[in-house]
Participant: 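Please find one structure pasted underneath; my questions will follow.
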Amino acid sequence: MPTVSKNIFWSTLTSVLQLYTGSIVFIVLAKLMPVEDFGILSFGFSLSAIAVIVADFGFSLMIMKDYPRQKNHAKYLSKSIVAKIILAILSSIIFLIYLLLFYTGQWLLIGGIYIAFALVASFTIYFQALLRVQNKFNKYTETGIVYAIAVTLVVIAYWYFKLSLEVLVFLLLAGKIVQLLWALYCSSKSFSTSSFKTKEVFKLIKNSWSFGVFGV
């Protein structure tokens with residue numbers, strides 16, 4: 001069983017990695033990119049930050065509260081993920097309509113990629129929350145390390161090969177997908193085929209509104 005001191009260490013390291021991937025990397029990109037490209041990138045990143053919160057709708061908070069009280073963890077996770085998929089699809093539609101109404105060209109393309117980025121990120125933070133509530137802080141940190149490495153490689157590739165903005169954002173999305181797959185792998189033993197009723201999924205969505213509103 002991990003000790004409190006080890007968990008604090010892993011949490012601190014994860015915070016440092018998040019600072020690196022969320023701030024320092026963008027400072028470096030600001031130095032490397034044309035002003036217009038960085039403006040579009042910043043728009044996409046800001047849009048995704050909002051979309052992540054809406055797509056997650058507080059489920060990463062709710063799982064930390066509900067999971068320890070569940071008798072059948074696998075069943076709870078199954079219906080929770082189905083509920084998240086439903087909310088993710090609805091939020092994607094809303095944000096895509098917003099983009100189509102107000103943006104065109106490169107702004108629309110980058111915005112669309114970042115909507116996909118936000119969906120992937122919303123499931124990533126959900127599985128990260130699951131790892132934390134299971135006291136697997138080292139695995140939680142591993143997901144941060146994987147993304148930090150991926151982002152570093154993307155920035156190096158952008159600088160060395162003089163990649164376009166579109167390719168850069170696609171690669172950032174690919175890095176986030178790799179992080180999601182690793183988070184899913186780290187928590188895969190928590191899942192199993194469990195039957196549940198559709199009304200249980202919508203009940204879970206109904207109960208999530210306070211967490212979602214708090215997050216938004």
Side-chain angles (χ1 to χ4, degrees), residues 14-60 81 84-129 143-184 212-213 215-216:
T14 302
S15 297
V16 172
L17 291 170
Q18 290 173 342
L19 176 64
Y20 169 72
T21 56
S23 299
I24 297 176
V25 166
F26 276 85
I27 293 173
V28 173
L29 287 174
K31 297 290 185 180
L32 298 175
M33 301 178 70
V35 174
E36 182 177 355
D37 282 359
F38 186 73
I40 299 175
L41 180 71
S42 299
F43 155 74
F45 182 77
S46 300
L47 180 66
S48 72
I50 300 172
V52 166
I53 297 173
V54 177
D56 181 63
F57 206 67
F59 270 72
S60 59
I81 290 175
K84 266 191 64 62
I85 291 174
I86 294 172
L87 291 173
I89 292 173
L90 291 176
S91 66
S92 297
I93 293 173
I94 293 172
F95 279 99
L96 286 175
I97 291 174
Y98 164 74
L99 285 174
L100 291 170
L101 288 176
F102 295 102
Y103 297 95
T104 58
Q106 195 176 31
W107 290 81
L108 177 61
L109 175 60
I110 299 302
I113 297 172
Y114 262 110
I115 294 301
F117 184 97
L119 293 181
V120 175
S122 72
F123 281 94
T124 301
I125 62 175
Y126 174 84
F127 289 121
Q128 287 177 329
T143 64
I145 293 173
V146 167
Y147 185 58
I149 293 173
V151 168
T152 301
L153 293 175
V154 169
V155 173
I156 293 174
Y158 173 79
W159 167 74
Y160 186 80
F161 295 105
K162 309 300 181 184
L163 302 176
S164 66
L165 175 61
E166 292 84 354
V167 174
L168 169 66
V169 178
F170 268 118
L171 290 177
L172 290 174
L173 171 60
K176 182 58 70 172
I177 292 174
V178 171
Q179 184 189 26
L180 171 60
L181 292 176
W182 189 258
L184 181 59
V213 172
V216 173

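These figures come from a predicted structure and were not determined experimentally.
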Participant: In Å and rounded to the nearest 0.5 Å, what is the OG to CZ distance from Ser122 to Phe127?
Facilitator: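 One finds 9.5 Å between OG of Ser122 and CZ of Phe127.
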Participant: Roughly how far, to the nearest 0.5 Å, is the CG atom of Leu109 from the CD1 atom of Ile113?
Facilitator: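 The distance works out to 4.0 Å.
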Participant: Between Leu171 and Leu163, is there a side-chain heavy-atom distance shorter than 4.5 Å?
Facilitator: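 They are in side-chain contact.
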Participant: If I compare all heavy atoms of Met33 with all of Leu41, which pair ends up nearest, and what's the gap?
Facilitator: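 Minimum heavy-atom separation between Met33 and Leu41: SD-CD2, 3.6 Å.
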Participant: Any heavy-atom pair between the side chains of Trp107 and Leu99 that's under 4.5 Å?
Facilitator: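 Side chain of Leu99 against side chain of Trp107, heavy atoms only: no contact under 4.5 Å found.
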Participant: Report the C-alpha distance between Val28 and Trp159 in whole Å, list the side-chain angles of each, state the deciding distance to 0.1 Å, and finish with yes or no for side-chain contact (heavy atoms from CB on, under 4.5 Å).
Facilitator: CA-CA 10 Å; Val28 173; Trp159 167 74; over 6 Å; no
Participant: Supply the atom-to-atom distance Thr21 OG1 to Leu172 CG, rounded to the nearest 0.5 angstrom.
Facilitator: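 Thr21 OG1 to Leu172 CG: 10.5 Å, rounded to 0.5 Å.
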Participant: Mind listing the closest non-hydrogen atom pair of Gly111 and Leu47 along with its distance?
Facilitator: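 Taking Gly111 first and Leu47 second, the nearest heavy atoms are O-CD2, 4.0 Å.
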Participant: Looking at CD1 of Ile93 and CD1 of Ile115, how far apart are the two atoms once the value is rounded to the nearest 0.5 Å?
Facilitator: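 If I round to the nearest 0.5 Å, the distance is 12.0 Å.
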Participant: Describe, in one word, how the ring planes of Tyr103 and Tyr98 are oriented to each other, choosing from parallel (under 30°), tilted (30 to 60°) and perpendicular (over 60°).
Facilitator: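 Judged by the thresholds at 30° and 60°, the geometry between Tyr103 and Tyr98 is perpendicular.
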Participant: Closest approach of Phe45 and Ser48, non-hydrogen atoms and distance?
Facilitator: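 What the structure gives for the nearest pair is O-OG, 2.7 Å.
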Participant: Does Phe117 reach the side chain of Val169, with side-chain heavy atoms less than 4.5 Å apart?
Facilitator: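 No, every pair of side-chain atoms sits at 4.5 Å or beyond.
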Participant: Could you report the tightest heavy-atom contact between Glu166 and Ile110, atom names first, then the distance?
Facilitator: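 Heavy atoms of Glu166 and Ile110 come nearest at CA-CD1, 4.1 Å.
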Participant: Would you give the length of the straight line joining atom OH of Tyr114 to atom NZ of Lys176, rounded to the nearest 0.5 angstrom?
Facilitator: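 The OH atom of Tyr114 sits 10.0 Å away from the NZ atom of Lys176.
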Participant: With the side chain counted from C-beta on, respond yes when Tyr158 and Leu29 share a heavy-atom pair under 4.5 Å apart, and no when they do not.
Facilitator: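 In contact.
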Participant: Using the six-membered ring wherever Trp is involved, compare the ring planes of Phe59 and Tyr126 and label them parallel, tilted or perpendicular (cut-offs 30° and 60°).
Facilitator: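 It falls in the tilted class, 30° to 60°.
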Participant: Report yes if the side chains of Asp56 and Lys84 come closer than 4.5 Å at any heavy-atom pair, otherwise no.
Facilitator: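 Answer yes - side chains close enough.
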Participant: Is the shortest side-chain heavy-atom distance between Leu32 and Phe38 below 4.5 Å?
Facilitator: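 No - every pair of side-chain heavy atoms lies 4.5 Å or more apart.
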Participant: What are the two closest non-hydrogen atoms of Leu17 and Ala148, and how far apart are they?
Facilitator: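 Result for this residue pair: CD2-CB, 3.9 Å.
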Participant: Quick check: are there more than 12 heavy atoms from other residues, nucleotides or ligands sitting under 6.0 Å from CZ of Phe170?
Facilitator: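 Atom CZ in Phe170 is not crowded, with 12 or fewer foreign heavy atoms closer than 6.0 Å.
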Participant: So Thr152 and Tyr20, do their side chains get closer than 4.5 Å, heavy atoms only?
Facilitator: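 Result yes, sub-4.5 Å side-chain heavy-atom pair found.
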Participant: Can you tell which of Thr124, Ile125, Leu119 makes a side chain to side chain contact (heavy atoms under 4.5 Å, CB included) with Leu180?
Facilitator: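 Looking at Thr124, Ile125, Leu119, the match for Leu180 under the side chain to side chain contact (heavy atoms under 4.5 Å, CB included) is Thr124.
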Participant: Without hydrogens or angle criteria, can the side chains of Thr143 and Gln128 be said to hold a donor-acceptor pair below 3.5 Å?
Facilitator: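 The answer is yes; a qualifying pair exists.
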Participant: Measure across Leu165 and Asp37 and return the closest heavy-atom pair with its distance rounded to 0.1 Å.
Facilitator: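 Nearest pair, atom of Leu165 first, then Asp37: CD2-O, 3.8 Å.
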